[in-house]
Amino acid sequence: MQQRINPVKALSGDIEVSADKSISHRSAMFAALAQSESRIKNYLLAEDTLSTCRCMEQLGVKIVRDNNNFIINSPGIEGLMEPAAVLDCGNSGTSMRLMSGLLAGRSFNSILSGDESLSNRPMRRIIEPLTSMGAHIWGRENNSKPPLAIQGSKLRGGKFNMSVASAQVKSALLLAGLQADNPTVIIEPHRSRDHSERMLQDMGAELRIEDNQITLIPGKSLSVCDWSVPGDISSAAFFLVAATIVPDSELRIRQVGINPTRTGIIQALTKMGANIKIENNTIIAGEPVADLIIKSAQLKGITVNKEMIPEMIDEIPVLAVAMAMSQGESVVQGANELRVKETDRIQAISTELRKMGVDITELEDGFVVQGNPEGLKAAQVFSYGDHRIAMSLAVAALVADKTTEILSSEAVNISFPEFWGIMESIIA
Ligand code: S3P
């Protein structure tokens, strides 16, 4: 599919974005840990999170759907069944990595596969620590890539000093640690998103958290979940940037999750001069939630370094668009992880923004942008099949001089199927 986007004069509206992808994945997997009926409101109906649901169903979990409200009936972790077929994680790294931690400790075998993008993503980061817990996992290319074959085994805890801050790896270790016979200690170099910790504690798991160190003591029985998924700040980020760089814009985005491990994009944009207000703060199912109100503003360049990356890892492509429209130079460094996302996001966003006239230079671990608030040049650009690249380019297209064409625009369905409709609705 290709999407044509015209430049716009202003954006205005009162919108809700799609439900949080990370919390949705976890709610479907964690509900399966408890033997009973769990309720999830506002589950994200997108390709990635539906892949997780299909995998859980293959393990014997029953999911009754009423639109985006789910009732999940699980036989409990001990009652999960050996899947009769390969578990297809599609494009979703979160499904594959978290599920590996869950399956490593079961008493059956399973195989996890994915699409072309996922089949090339690094898995040694979960295979190695899980193996040291007693797991038996094999992968392609000398145990580094999917598909993964898992022989369920008895697990033991351990101490893990993680070299990369990754919520997916951390969560895989927590899911394995729940099944181990002694404690698991995880030390992160920087804090990554902590939804797993919050949700598992909510279910009764024993977790001790001190700075960047998490200790999981297994053995507690986990109770049912009743969660409501807030709006995804990673999806809201596209509209935060859009309403900032399109002149004369004003937007309210309702009920967005503002967990402090995810709000790096708000901090970075604010530091650049964006006008973002946070109102109606509440707590929903243990997660802070608020409305975000954005008005257009002239931005100035910023340097984003390694410590700031984990809190905005998925928002860097759209931050590059904001940087392109800023006064002066911006730098992103210490973001090597972007090279192993759904596509190499450093290369993808640099190449495509360059086609739109942006002065952007790739670094090994980031990029340098010479901003130009005058606007961008229309071009034919490519999403690389990556949802966040597609949506970032759509935001860039709003401030181009003519019509921009985005190839493989259907990639948005991975995390935000309503994206084009919402975009259309706010064009004043
Ligand atoms: C996610 C963690 C991040 C993020 C991904 C979702 C999660 O990945 O990029 O989109 O839900 O745990 P890493 O853990 O690999 O950084």
Side-chain angles (χ1 to χ4, degrees), residues 18-30 43-44 46-49 51-52 89-102 114 117-118 120-127 129 145-146 160 162-175 186 188-200 212 214 227 229-230 232-238 257 259 261-265 287 306-319 334-346 348-349 365 386-392 411-412 414-416:
S18 59
D20 192 279
K21 181 159 83 67
S22 292
I23 298 177
S24 294
H25 277 302
R26 286 162 172 75
S27 68
M29 283 188 226
F30 294 0
Y43 190 88
L44 171 63
E47 285 178 10
D48 262 15
T49 44
S51 292
T52 288
C89 300
N91 190 248
S92 172
T94 310
S95 309
M96 184 172 283
R97 294 194 176 121
L98 269 63
M99 205 94 69
S100 298
L102 174 64
S117 153
L118 183 53
N120 283 298
R121 295 186 63 188
M123 291 297 151
R124 207 184 292 284
R125 54 184 60 198
I126 52 152
I127 294 180
K145 287 186 178 165
F160 300 96
M162 291 171 57
S163 54
V164 178
S166 162
Q168 292 180 354
V169 176
K170 173 176 66 178
S171 304
L173 297 181
L174 289 173
L175 282 162
I186 304 167
E188 295 192 277
H190 307 286
R191 234 164 36 131
S192 64
R193 64 193 67 190
D194 67 355
H195 306 301
S196 294
E197 295 90 306
R198 287 173 188 251
M199 294 169 84
L200 290 173
N212 295 352
I214 303 154
W227 286 313
V229 184
D232 197 329
I233 188 161
S234 297
S235 297
F238 301 105
N259 178 316
T261 59
R262 298 281 301 277
T263 46
I265 184 69
E287 291 278 348
K306 200 174 164 113
E307 300 73 61
M308 300 159 77
I309 302 291
E311 286 171 18
M312 58 169 117
I313 183 72
D314 291 336
E315 291 69 71
I316 300 206
V318 77
L319 187 63
N336 316 54
E337 276 297 294
L338 287 185
R339 295 220 180 257
V340 291
K341 292 292 176 189
E342 285 81 331
T343 188
D344 176 343
R345 288 183 174 160
I346 294 180
I349 199 68
D365 62 347
D386 182 319
H387 52 135
R388 302 208 195 276
I389 298 295
M391 293 185 272
S392 301
V412 306
I414 295 290
S415 64
F416 196 177

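Atoms within each ligand, like the ligands themselves, are counted from 1 in listed order.
Proximity of H25 to ligand 1, defined as any heavy-atom pair under 4.0 Å, is not found for any part of the residue. Proximity of R193 to ligand 1, defined as any heavy-atom pair under 4.0 Å, is confined to the side chain (atoms from C-beta onward). Only the side chain of R26 comes within 4.0 Å of ligand 1, counting heavy atoms alone; its backbone N, CA, C and O stay farther away.
For K306, the NZ atom counts as loosely surrounded, since its 6.0 Å shell holds 12 or fewer non-hydrogen atoms of other residues, nucleotides or ligands.
Interface atoms of ligand 1 facing A167, defined by a heavy-atom separation under 4.0 Å, are 12 (O), 14 (O). Contact atoms of ligand 1 toward S166: 13 (P), 14 (O), 15 (O) (distance under 4.0 Å to a heavy atom of the residue).
Here the side chain of Y43 pairs no donor or acceptor atom with the backbone of S27 at under 3.5 angstrom. Distance alone, capped at 3.5 Å, is enough to place a donor-acceptor pair between the N212 side chain and the E188 backbone. S171 places no side-chain N or O within donor-acceptor distance of the main-chain N or O of L98, the cut-off being under 3.5 Å.
Closest approach of R125 to V340, counting heavy atoms only: NH2-CG2, 3.9 Å.
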Please step through side-chain contact (heavy atoms from CB on, under 4.5 Å) for the pair D314 and R193, ending with a clear verdict. CA-CA 11 Å; D314 291 336; R193 64 193 67 190; 3.3 Å; yes
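Not close to ligand 1: K170, with no non-hydrogen atom less than 4.0 angstrom away.
Nearest residue to atom 6 (C) of ligand 1 from V169, D232, D20, T94 is T94 (criterion: closest heavy atom).
Salt-bridge annotation for D386 and K341: absent, with no side-chain N of the basic residue lying under 4.0 Å from a carboxylate O of the acidic one.
For R125, no nitrogen or oxygen atom sits less than 3.5 Å from a nitrogen or oxygen atom of ligand 1, counting backbone and side chain alike.
Protein heavy atom nearest atom 16 (O) of ligand 1, with residue, atom name and distance: K341 NZ, 3.2 Å. Among protein heavy atoms, the minimum distance from atom 11 (O) of ligand 1 is reached at S22 OG, 2.7 Å. When hydrogens are left out, the protein atom nearest atom 10 (O) of ligand 1 is D314 OD2, 2.8 Å; that is the closest non-hydrogen contact.
No side-chain heavy atom of P310 sits under 4.5 Å from any side-chain heavy atom of E337.
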